[in-house]
There are 2 protein chains.
Amino acid sequence: MKRDSSGKTLADYPRPSVAVDTAVLTVAPGGTLEVLLVRREGARQKDAWALPGTFLHEGERLADAVRRSLEQKAGLRETRTPRQLHVFDDPGRDDRGRVLSVAHVVVLPWDVVAAVVEARPDDVRLRPVTDVGRLRFDHPEIIERAVDEIRADHRERPDPERLLAEPFTLPQLRRVHEAVAGRSLQPDSFRRRMTPHLRDTGETQEGAVGRPAVLYVRVNGRRPGDATERDRR
Amino acid sequence: MKRDSSGKTLADYPRPSVAVDTAVLTVAPGGTLEVLLVRREGARQKDAWALPGTFLHEGERLADAVRRSLEQKAGLRETRTPRQLHVFDDPGRDDRGRVLSVAHVVVLPWDVVAAVVEARPDDVRLRPVTDVGRLRFDHPEIIERAVDEIRADHRERPDPERLLAEPFTLPQLRRVHEAVAGRSLQPDSFRRRMTPHLRDTGETQEGAVGRPAVLYVRVNGRRPGDATERDRR
DNA sequence: GTAATAGTGTCTATGAGACACTATGCG
DNA sequence: CGCATAGTGTCTCATAGACACTATTAC
């Protein structure tokens, strides 16, 4: 057993439990930004919903605990690298004892999230981030931080969460960004901001009413897992 | 003992040790941004320095653990509300066992930091953030995140960390911001950015060579502890 | 007066918003 | 053709940088 400078091992220090709680965000076809909620286990009241979470297992990384919680609590298998938001450490925040919770955000395409909601409609639901209902603990603040985080990432870069499959049109891209931003965006200044990060494929979208839109792919494209809070500054 | 939905108590889950590590930043009179380092306890090599840190005690909040570590490791008594930066969770990051570390940043006025360095020069030192020397673990990344964090806070607001006592002149303020930014700033555009957040006291600074500078105080002044990562967005 | 520092008026480049205008498909 | 949607040229406004210019003190 390793000992530190006071001759103590790590087991001699009291250790809190560590949990992860995750805001899974997605863009609904209607153009709203929605968050995934799961029914609270063992809840006394009906309609008791919460963000999916779990306790960190031995030797497990935080990101892996997030992935495990999403699979266990919501049946989500395809997830991307979660991003940390904040550690909540209020000693009274869990009545079972001292629990630190590391809040995370994960953004997923609509189909992936909609499929699990359809599979388990009694246990899993989606709510617009502007109307999440009554939630436990500090979960509304986690959602607020999650939304702030991904809004900041969407300001300069086209679909940094890769919600759209390539190639896509500028109007498609704009609709995703409008859902994230929670407001409509000017087509012209949106185009100016985004085209430096896009490459024209020369193809156009077929079969729609109106003038066909040009199809683009991302350039300088970072993979979703690369994006961290720090990249923004 | 409280039990959860699986009939387990919290003690049935393995718990990691939780530590805090803190980058204490200050602005030296020479105009450099510096970080406080402490000599590693029980270090085998000489010149083994690290950011001050400690293990979280039972029932203790993270911010209180930060304050305690700064007093114990560096003799710093006057500290302000620390801000969280990131949780480092690499399972191999501490050879004594599984340790999560929550990185923080604290910004303090020069006199406060200089006093403790003078009191314990063998155990405590300051280094420019651009040249920290060889550090253990993930400490250089913590410093990088700390600097990014406070640079972002200084972009729009005059001296958000209250390093200057009121009233102060615009050139004094600019010198602080230049140290934080790590580069010189245009006097005129700096003035334009800052004056909306300042109130002219009508007084001027006496006794210096050259035209006397007008003294200002902050308006809309949040207290240091109020500022969080989220306020920036 | 000169030296030194504080403060400002103004030009220019950049980028966002607004908005009207053009372009190109479908029926 | 008309309708619907995509895309652009251009004006205006706000802001940052650059830089020369003025202002006010000590000596």
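Here is the naming used below: chain letters follow the sequence lines, and residue numbers restart at 1 for every chain.
Judged as a side-chain hydrogen bond (donor to acceptor under 3.5 Å, both in side chains), and not counting sequence neighbours, the contacts of B/Thr32 are B/Glu34.
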Check: What one-letter contact string describes nucleotides 22-27 of chain C from 5' to 3', where B marks a base within less than 4.0 Å of any protein heavy atom, S marks contact via sugar-phosphate atoms alone, and - marks no contact?
Finding: -BBBS-
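Atom-to-atom distance recorded for A/His154:NE2 and A/Leu185:CG is 11.0 Å, nearest 0.5 angstrom.
One can place CD of B/Gln205 at 14 Å from C1' of D/dA26, the figure rounded to the nearest angstrom. Following rounding to the nearest Å, A/Gln172 (CD) and D/dG7 (C1') show an atom-to-atom distance of 15 Å. One interatomic measurement links the two molecules: CZ of B/Phe168 to C1' of C/dG7, which rounds to 17 Å at whole-angstrom precision. Atom CZ of B/Arg191 is separated from atom P of D/dG17 by 15 Å (rounded to the nearest Å). Atom CZ of B/Arg175 and atom P of C/dT5 are 9 Å apart (whole Å). Summarising the geometry, the separation between OH on B/Tyr216 and P on C/dA6 is reported as 12 Å, rounded to the nearest angstrom.
Looking at B/Asp122 and B/Arg39, no side-chain N of the basic residue comes within less than 4.0 Å of a carboxylate O on the acidic one, giving no salt bridge. The pair B/Glu161-B/Arg80 does not meet the salt-bridge criterion, since no charged nitrogen lies less than 4.0 angstrom from a carboxylate oxygen.
Closest approach of A/Met194 to A/Arg155, counting heavy atoms only: CE-O, 3.8 Å.
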Next item on the list: Just do the side-chain contact (heavy atoms from CB on, under 4.5 Å) check on B/Val66 and B/Thr54 with the steps written out, would you?
Entry: CA-CA 7 Å; B/Val66 168; B/Thr54 190; over 6 Å; no
Which pairs, protein N/O on one side and nucleotides 15-18 of chain C N/O on the other, fall under 3.5 Å?
| residue | atom | partner | partner atom | Å |
| --- | --- | --- | --- | --- |
| C/dG17 | OP2 | A/Ser189 | OG | 3.3 |
| C/dG17 | N7 | A/Arg192 | NH2 | 2.9 |
| C/dA18 | OP2 | A/Gln186 | NE2 | 2.1 |
| C/dA18 | N7 | A/Asp188 | OD2 | 3.2 |
| C/dA18 | N6 | A/Asp188 | OD2 | 3.1 |

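Remark: the backbone N or O of B/Val99 is not paired with any side-chain donor or acceptor of B/Asp94 at under 3.5 angstrom.
B/Asp21 pairs in a salt bridge (charged side-chain N to carboxylate O under 4.0 Å, His left out) with only one of the listed residues (B/Arg145, B/Arg93, B/Lys73), which is B/Arg93.
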